Visitor: 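I'd like to ask you about the structure that follows.
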Amino acid sequence: MKNGLEVTIVGGGMITNDLILPSVYHLKRLGIVESINVCALNTPPLKSLKSNRELSEGFPGLGFTPFPVIEESEDRSFPELYREVIASMKPRQAVFVALPDPLHYAAVMTALQANQHVVCVKPLVLKYSQAEEIRKLAYQRGLFVGIEYHKRFDRRSLIARRRYAMGQFGEFRIGEAKLIEPYFYRYSNFQNWFTMDKTDPFTYIGCHYVDLVYFITGLKPVKVLVTGVTGRFPNGNEGYLWSHGRVHFENAAVLSVINGLGYPDEGAGGNEQCMTLFCEGGGKGSLIKHNDQFRGVTHSYIQPLGPGGSHFNFVNPDFYRLVPWEGSGFKPVGYGYDSVASLLGTIHRIEEACSSLDVPQALECRRGLLREIDDRGIIATPANSYINELVVEAARSSITREGRIVQIVYEPEPHIEEK
Ligand SMILES: NC(=O)c1ccc[n+]([C@@H]2O[C@H](COP(=O)([O-])OP(=O)(O)OC[C@H]3O[C@@H](n4cnc5c(N)ncnc54)[C@H](O)[C@@H]3O)[C@@H](O)[C@H]2O)c1
């Protein structure tokens, strides 16, 4: 493919602002992306993206086409507009789904039905059967679907995966993981969709670490128990604000995961996160221990510039930062950017390899590359990361029944069994 991709980002919220849009801007500089649409529910998030100073200083001369148009009244909502925007795209471009979790399925299916490749923020969907439907439709049409699990691209995860595969840790036996997002999230748009009937902290962020344990060890989860602690958002909506999950793996190993929306805004980190996996083999114990919050860099600013307004901060240089580079503005670096670049770069690569062939050959060419990507297992796809949908489905069934055990069964067809 000589030209870059047309990219439509559906959803203009926090993750679009903090990671996706700046990464896509940089990919436009590199020629992977040609044009950018952002479609939100209404104009306020689009206006914030347009007026974001960090973005305009970081990416001078770059912009996006907003849907709905910026001049539209702020209180009008357009929940179906993304369908029209996607329908108007050339075939086999890229739709980047960055909507609240419960809306992913409809948007991903809409994109596939319109012959578009897809990238979706995690979790892909909330049910295994939906992931399977997506996998089948995508493969039938030779379209890529990748899920943006950026922790996979953290170098420490990649190093651990390689060394685990080489047998240097023996076998994972027991571990714990933690990801507590800031308290101030409760005041954001979260309060409108993070309700008990739709999601919970384990589903929202616990899935990152379950995916990571699977990514590093290759072990499949077989049993899930999740208990929630409820509370009210400022608008009165009730949600699970904290959760504790226990995931059992096929070799009887156990992972304990705590999550929540409550890391102190005055705290030094943007959140609290870490993972320890105790392993054993060859008559010895071994471990993999990642401190994912404090990565050895501390800043104290003269103004309260921390994520929650703190002066003193732990700075994560590894996830996503804008840094000076040889070009104008700034460039994004880190595993968040690497992940977006890998996903959109893969779509570009598929099109480059196959688009000049005739229709049946091009389809076979794309399918061949999709099988390779699935087998390699670095990029999460519906075919190689469906354990996440099973875990999420099991977790939702468990947390809504106060921590009941839910089994994941893989034969003859993967499904969950509620006890
Ligand atoms: N670490 C991560 O991987 C990570 C981090 C944050 C968020 N996420 C995921 O990203 C997704 C979005 O999270 P967020 O924090 O950006 O949420 P958010 O609430 O800040 O933004 C949601 C956006 O969706 C838009 N929207 C809602 N309905 C729409 C519709 N029908 N059509 C078009 N736009 C619509 C809203 O306008 C808003 O801009 C979630 O699935 C979340 O799990 C992933």
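Each ligand, and each atom within it, is numbered from 1 in the order the structure gives. Since the model is a prediction, treat every value here as computed from it, not as a measurement.
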Visitor: Measuring centre to centre across the rings, with the benzene-like ring taken for any Trp, is Tyr263 within less than 6.0 Å of Tyr183?
Guide: no
Visitor: Just checking, Lys122 and Tyr204: is the charged tip under 6.0 Å from the six-membered ring centre and within 45° of the axis?
Guide: yes
Visitor: For residues 204-222, which residue pairs qualify under salt bridge (Lys or Arg N to Asp or Glu O under 4.0 Å), counting only residues two or more places apart or in two chains?
Guide: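 Checked against salt bridge (Lys or Arg N to Asp or Glu O under 4.0 Å) - neighbours excluded - the pairs reaching residues 204-222 are Arg152-Asp211.
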Visitor: List ligand 1's nitrogen or oxygen atoms that come under 3.5 Å of a protein nitrogen or oxygen, with the partner atom and distance.
Guide:
{"residue": "ligand 1", "atom": "1 (N)", "partner": "His150", "partner atom": "NE2", "Å": "3.2"}
{"residue": "ligand 1", "atom": "1 (N)", "partner": "His208", "partner atom": "NE2", "Å": "3.0"}
{"residue": "ligand 1", "atom": "3 (O)", "partner": "His208", "partner atom": "NE2", "Å": "3.2"}
{"residue": "ligand 1", "atom": "16 (O)", "partner": "Met14", "partner atom": "N", "Å": "3.1"}
{"residue": "ligand 1", "atom": "16 (O)", "partner": "Ile15", "partner atom": "N", "Å": "3.0"}
{"residue": "ligand 1", "atom": "19 (O)", "partner": "Asn189", "partner atom": "ND2", "Å": "2.8"}
{"residue": "ligand 1", "atom": "19 (O)", "partner": "Trp193", "partner atom": "NE1", "Å": "3.1"}
{"residue": "ligand 1", "atom": "20 (O)", "partner": "Met14", "partner atom": "N", "Å": "3.0"}
{"residue": "ligand 1", "atom": "31 (N)", "partner": "Pro79", "partner atom": "O", "Å": "3.0"}
{"residue": "ligand 1", "atom": "34 (N)", "partner": "Leu41", "partner atom": "N", "Å": "3.1"}
{"residue": "ligand 1", "atom": "37 (O)", "partner": "Leu41", "partner atom": "N", "Å": "3.2"}
{"residue": "ligand 1", "atom": "39 (O)", "partner": "Gly12", "partner atom": "N", "Å": "3.0"}
{"residue": "ligand 1", "atom": "39 (O)", "partner": "Gly13", "partner atom": "N", "Å": "3.0"}
{"residue": "ligand 1", "atom": "41 (O)", "partner": "Leu99", "partner atom": "O", "Å": "3.0"}
{"residue": "ligand 1", "atom": "41 (O)", "partner": "Asp101", "partner atom": "OD1", "Å": "2.4"}
{"residue": "ligand 1", "atom": "41 (O)", "partner": "His104", "partner atom": "NE2", "Å": "2.9"}
{"residue": "ligand 1", "atom": "43 (O)", "partner": "Asp101", "partner atom": "OD1", "Å": "2.8"}
{"residue": "ligand 1", "atom": "43 (O)", "partner": "Lys122", "partner atom": "O", "Å": "3.3"}
{"residue": "ligand 1", "atom": "43 (O)", "partner": "Lys122", "partner atom": "NZ", "Å": "3.1"}

Visitor: Restricting to pairs with a member in residues 310-329, which pass salt bridge (Lys or Arg N to Asp or Glu O under 4.0 Å), not counting sequence neighbours?
Guide: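 Every pair satisfying salt bridge (Lys or Arg N to Asp or Glu O under 4.0 Å) with a residue in residues 310-329: Arg156-Asp318, Arg295-Asp318.
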Visitor: Between Arg396 (side chain only) and Leu126 (backbone N and O only), is there a donor and an acceptor less than 3.5 Å apart?
Guide: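 Not confirmed, Arg396 side chain does not pair with Leu126 backbone.
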Visitor: Once salt bridge (Lys or Arg N to Asp or Glu O under 4.0 Å) is applied, what residue pairs with a partner in residues 32-58 remain, sequence neighbours excluded?
Guide: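 Passing the test, one end in residues 32-58: Lys47-Glu74, Arg53-Glu57.
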